[in-house]
Amino acid sequence: DDLFGNAVNLGSRIEGTAPPGGIAISHVVKKELSDNISVREMGHVKLKNISHPLEIFKVYLDKEEFNDENAHTLRQLQIERGINIVDINSFQEKNEYSIAILYPHVIGNTENDYTCYSFLGEFIQEMKKIEGIRIPSLQDILKFKGSESTISEIARALETEAIIDGSFAFQNDLIKLNLRMTNCITGKLVWENKIEGKKVNSNQIMAELISLILNEYELSVPDNILRYLSRSMTQNIDALNHYQKGFYLLEKTSSNDELL
């Protein structure tokens, strides 16, 4: 099965807090241990991509090892290692949602790839401006273009909770997106939608896609982005095509030091 469940994600995060050669567990696991196993609280740890700090414990091999270390020493050693131990009483939770849009399957010729590349690059730029949203860069996403990795494997690599994937087509001056959003924590499909519009109105398509995503997190599209996406674009389709092709080639040159 395609695994990216909460337990798998959480387990990998907790494992990273373990002292060298040691074992770290959550309070949930601690409750299942027998009384003859020695454990000590490290503190509440803020784990990457986990919104609320978790109470983490160190497991000792025996009573002798347990008695050789006190709580203060354990906590200080963990802080020195860079473990983010927080004061749970003063901690203020800030919601941050992580999402990645994979490079879509492009239907059509190379010209369509130019259009897709330009659209995706601008979409990511606008999403990065939204507070509370974390999205990987275009260059990070391109590493998985044509990849045979599963959605869950890509989500783990990009450290995101949700993935958007699908297809992109450009025909008769129309952009057609067929996309789906998957929650990679639960493995459930969040939505699947078709969005289309004229290429010269691609800003409106982008605004619709951004709204669709933010609605899932009960967030509104910021006014500055709405104003930007509502601006008039050139009605000269040839000029727009040349611009997008130039953007595509420039980006490829910057990342690969050569024209592809």
Side-chain angles (χ1 to χ4, degrees), residues 1-9 49 51 95-109 112-130 132-199 201-222 225-226 229 244 248:
D1 291 336
D2 195 14
L3 293 179
F4 192 61
N6 190 50
V8 175
N9 184 34
N49 289 342
S51 60
N95 288 331
E96 182 182 71
Y97 304 102
S98 55
I99 183 169
I101 181 166
L102 303 187
Y103 201 90
H105 169 63
V106 179
I107 301 171
N109 56 31
N112 291 2
D113 203 28
Y114 299 153
T115 303
C116 179
Y117 191 97
S118 177
F119 179 90
L120 195 61
E122 188 169 355
F123 167 80
I124 290 172
Q125 288 176 8
E126 294 309 309
M127 288 291 290
K128 282 183 175 292
K129 298 175 185 176
I130 301 173
I133 294 291
R134 181 174 60 81
I135 186 168
S137 69
L138 178 58
Q139 294 307 318
D140 284 337
I141 289 167
L142 285 172
K143 295 174 185 176
F144 298 94
K145 183 180 179 183
S147 171
E148 294 183 0
S149 300
T150 66
I151 291 292
S152 295
E153 289 169 344
I154 295 173
R156 281 195 291 272
L158 294 174
E159 297 185 332
T160 59
E161 301 166 351
I163 291 284
I164 294 175
D165 68 323
S167 64
F168 180 101
F170 175 54
Q171 188 177 18
N172 298 326
D173 292 338
L174 285 178
I175 290 176
K176 298 181 179 181
L177 298 176
N178 192 351
L179 302 173
R180 64 178 181 177
M181 179 176 175
T182 303
N183 182 324
C184 296
I185 301 296
T186 64
K188 294 182 178 179
L189 179 67
V190 179
W191 52 253
E192 187 168 9
N193 275 278
K194 293 181 179 180
I195 305 173
E196 68 175 63
K198 291 184 178 181
K199 185 174 183 176
N201 296 327
S202 59
N203 283 353
Q204 296 176 13
I205 302 172
M206 198 175 301
E208 186 176 346
L209 177 57
I210 291 174
S211 296
L212 196 60
I213 294 167
L214 296 187
N215 283 343
E216 292 303 321
Y217 302 116
E218 299 182 347
L219 298 174
S220 300
V221 181
I225 294 178
L226 284 175
L229 293 178
Q244 292 180 339
Y248 173 88

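This structure is a prediction, so every number in the text was calculated from the model and none was measured.
Here CG of N203 is found 11.5 Å from CG of L226. Values are rounded to the nearest 0.5 Å. Atom CD of Q204 sits about 12.5 Å away from atom CD1 of I195, to the nearest 0.5 Å. Interatomic distance, E161 CD to I99 CD1, rounded to the nearest 0.5 Å: 9.5 Å. With rounding to the nearest 0.5 Å, the separation of CG in L177 from CG in L209 is 7.0 Å. Atom CD1 in I210 sits 5.5 Å away from atom CD1 in I225 (nearest 0.5 Å). Note that CG of L102 and CG of L158 are 7.0 Å apart. Values are rounded to the nearest 0.5 Å.
In terms of modelled atom types and a separation under 3.5 Å, the side chain of S118 and the main chain of Y114 share no donor-acceptor contact. Distance alone, capped at 3.5 Å, is enough to place a donor-acceptor pair between the N183 side chain and the T186 backbone.
The salt bridge (Lys or Arg N to Asp or Glu O under 4.0 Å) pairs that include a residue from residues 175-186 are D165-R180, where partners are two or more places apart or lie in different chains.
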(request) Might you work through the side chain to side chain contact (heavy atoms under 4.5 Å, CB included) test for M127 and I124, ending with a clear yes or no? (result) CA-CA 5 Å; M127 288 291 290; I124 290 172; 5.6 Å; no
(message) Between I107 and Q171, does the side chain to side chain contact (heavy atoms under 4.5 Å, CB included) criterion hold? Intermediate values first, please.
(response) CA-CA 9 Å; I107 301 171; Q171 188 177 18; over 6 Å; no
(request) For side chain to side chain contact (heavy atoms under 4.5 Å, CB included), just list the numbers for Y117 and L138, CA-CA rounded to whole Å, side-chain angles, deciding distance to a tenth of an Å, and then say yes or no. (result) CA-CA 9 Å; Y117 191 97; L138 178 58; 3.8 Å; yes
(message) What verdict does the side chain to side chain contact (heavy atoms under 4.5 Å, CB included) test give for Y103 and F168, after you've listed the backbone C-alpha separation in whole Å, the side-chain angles of each residue and the deciding distance to 0.1 Å?
(response) CA-CA 9 Å; Y103 201 90; F168 180 101; over 6 Å; no
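Of all heavy-atom pairs between S211 and V221, the closest is OG-CG2, 3.4 Å. Minimum heavy-atom separation, I175 to S202: CD1-CB, 4.0 Å. When all heavy atoms are compared, the tightest approach of S98 to R134 is CB-NH2, 3.0 Å.
Considering only residues two or more places apart in sequence or on other chains, S220 meets the side-chain hydrogen bond (donor to acceptor under 3.5 Å, both in side chains) condition with none of them. For S147, the side-chain hydrogen bond (donor to acceptor under 3.5 Å, both in side chains) criterion is met by S149, not counting sequence neighbours. For Y97, the ring-ring contact (aromatic ring centres under 6.0 Å, His included) partners are Y217, not counting sequence neighbours. Applying the salt bridge (Lys or Arg N to Asp or Glu O under 4.0 Å) rule to K143 yields the partners D140; only residues at least two apart in sequence or on another chain are considered. Residues forming a salt bridge (Lys or Arg N to Asp or Glu O under 4.0 Å) with K129 (at least two apart in sequence, or on another chain): E126. Take E216 and apply the side chain to side chain contact (heavy atoms under 4.5 Å, CB included) test, not counting sequence neighbours, and it matches M181, V190, W191. Residues passing the salt bridge (Lys or Arg N to Asp or Glu O under 4.0 Å) test with E208, sequence neighbours excluded: none.
Counting heavy atoms from C-beta on, the side chains of L142 and L120 never come closer than 4.5 Å. Taking 4.5 Å as the limit, some side-chain heavy atom of I133 sits within range of a side-chain heavy atom of L214. Using a 4.5 Å cut-off on side-chain heavy atoms (C-beta onward), C184 and T160 make no contact.
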